[in-house]
Amino acid sequence: MKISGKNILITGASSGIGEACAIAFAEAGCNLILTARRKSRLDALAKELAVKHSIQVHTIGLDVRNYAEVENSLNHLPSNFQTIDILINNAGKALGVEKLQDGLLENWEEMIDTNVKGLLYVSRVVLPKMLERNEGMVINIGSIAGHEVYPGGNVYCATKHAVKAISKGMMMDVNGTNIRITSIDPGMVNTEFSLVRYKGDNEKANVVYNGLAPLLGADIAEIALFAATRPANVDLQTIVVTPTAQASASIVSRK
Ligand code: NDP
Ligand code: 8X3
């Protein structure tokens, strides 16, 4: 399927997988709506991609946890961006690795509000418009943590299990229309993910990727682009992707 000229909305485009998706879809000639809380990062990326690929890029400083903000910004897009062809629900995070009995409530709230409710809020605003046009695609970034649980992963894994259920639910609820739903569920990707999880502790974050070749944001973006460019009759439902050195969420070979 040709996607040049299509409008792609990416949540969490200020770093990691979201930023890599912005670059990949810009290279494919798509116009972009980039959202995240750190708008200055989005603006810098937008400037670079618009010039390099002669595309249009709209940026929105958006916290997906705030439904009023989500609804207001996505219902008042500039006229050339009112059709959203592909939504990439990517914004998300893990916070901490505490055992459940030691868990910090504020971490739980933030993970649940961002990974689950944020994804729902954005989808609730965007999906009806796709259904009106009977055209569009939603790519949810889940995780291997939605298929397995690992020690200290408790609530993060629960949010990604929820994303897995929501993706399947979306597939069922749009069945009979032309809308495609894809869930991309990665293992270890070297982004700012671990830095965020360890609250800015570089040393702890780097240890996560020591002794193996992790996935990169660009690897996930390439898969998203592949899924989006399949013919209209092909829906890649769930793609689980890990580094070659990762056999399961907690079995990782390090040299
Ligand atoms: P990064 O930390 O590099 O990127 C996370 C993005 O989410 C940032 O752009 C951040 O932007 C945005 N974000 C966080 N909170 C909010 C919020 N409240 N509102 C809006 N945007 C928000 O990590 P990744 O790129 O790795 O993570 C992207 C997705 O991939 C997440 O859903 C994560 O769970 C998933 N994932 C990551 C894996 C990994 O190993 N890295 C593996 C499997 C899945 P800002 O702070 O500017 O708002
Ligand atoms: C992010 C990767 O290892 O926490 O979803 O499952 S992991």
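Please read all numbers here as calculations on a predicted model, not as lab measurements.
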Hey, are [Y] and [X] close enough side-chain-wise for a donor-acceptor pair under 3.5 Å?
X    : Y    : value
K39  : T59  : yes
K117 : N66  : no
S167 : N140 : yes

**Message:** If I compare all heavy atoms of G142 with all of V163, which pair ends up nearest, and what's the gap?
**Reply:** CA-CG1, 4.0 Å

**Item:** Derivation and outcome, side chain to side chain contact (heavy atoms under 4.5 Å, CB included), residues Y156 and R197
**Value:** CA-CA 10 Å; Y156 177 68; R197 175 169 236 169; 4.0 Å; yes

**Request:** Identify, with sequence neighbours excluded, every residue that meets side-chain contact (heavy atoms from CB on, under 4.5 Å) alongside L131.
**Result:** L127, V174, T177, I179

**Message:** N107 vs K93, test: side chain to side chain donor-acceptor pair (under 3.5 Å). Steps then yes/no.
**Reply:** CA-CA 10 Å; N107 285 353; K93 65 183 49 151; over 6 Å; no

For a 4.5 angstrom cut-off between non-hydrogen side-chain atoms, does [X] reach [Y]?
X    : Y    : result
P231 : M1   : no
P78  : H58  : yes
I139 : L87  : no
M170 : S123 : yes
D63  : E69  : yes
M188 : L215 : no

Residues [X] and [Y] bridged, charged N to O under 4.0 Å:
X    : Y    : result
E48  : R41  : no
D43  : K47  : no
D173 : K168 : no

**Message:** Set out, in order, the CA-CA distance, both residues' side-chain angles and the distance that settles ring-ring contact (aromatic ring centres under 6.0 Å, His included) for Y209 and F193, then state yes or no.
**Reply:** CA-CA 11 Å; Y209 311 108; F193 178 83; 8.3 Å; no

**Message:** With a 6.0 Å cut-off (strictly less than), is the heavy-atom count around NZ of K199, excluding the residue itself, greater than 12?
**Reply:** yes

**Fill in**
Connected to I144, directly or through other members, by ILVMFWY side-chain contacts below 4.5 Å are none

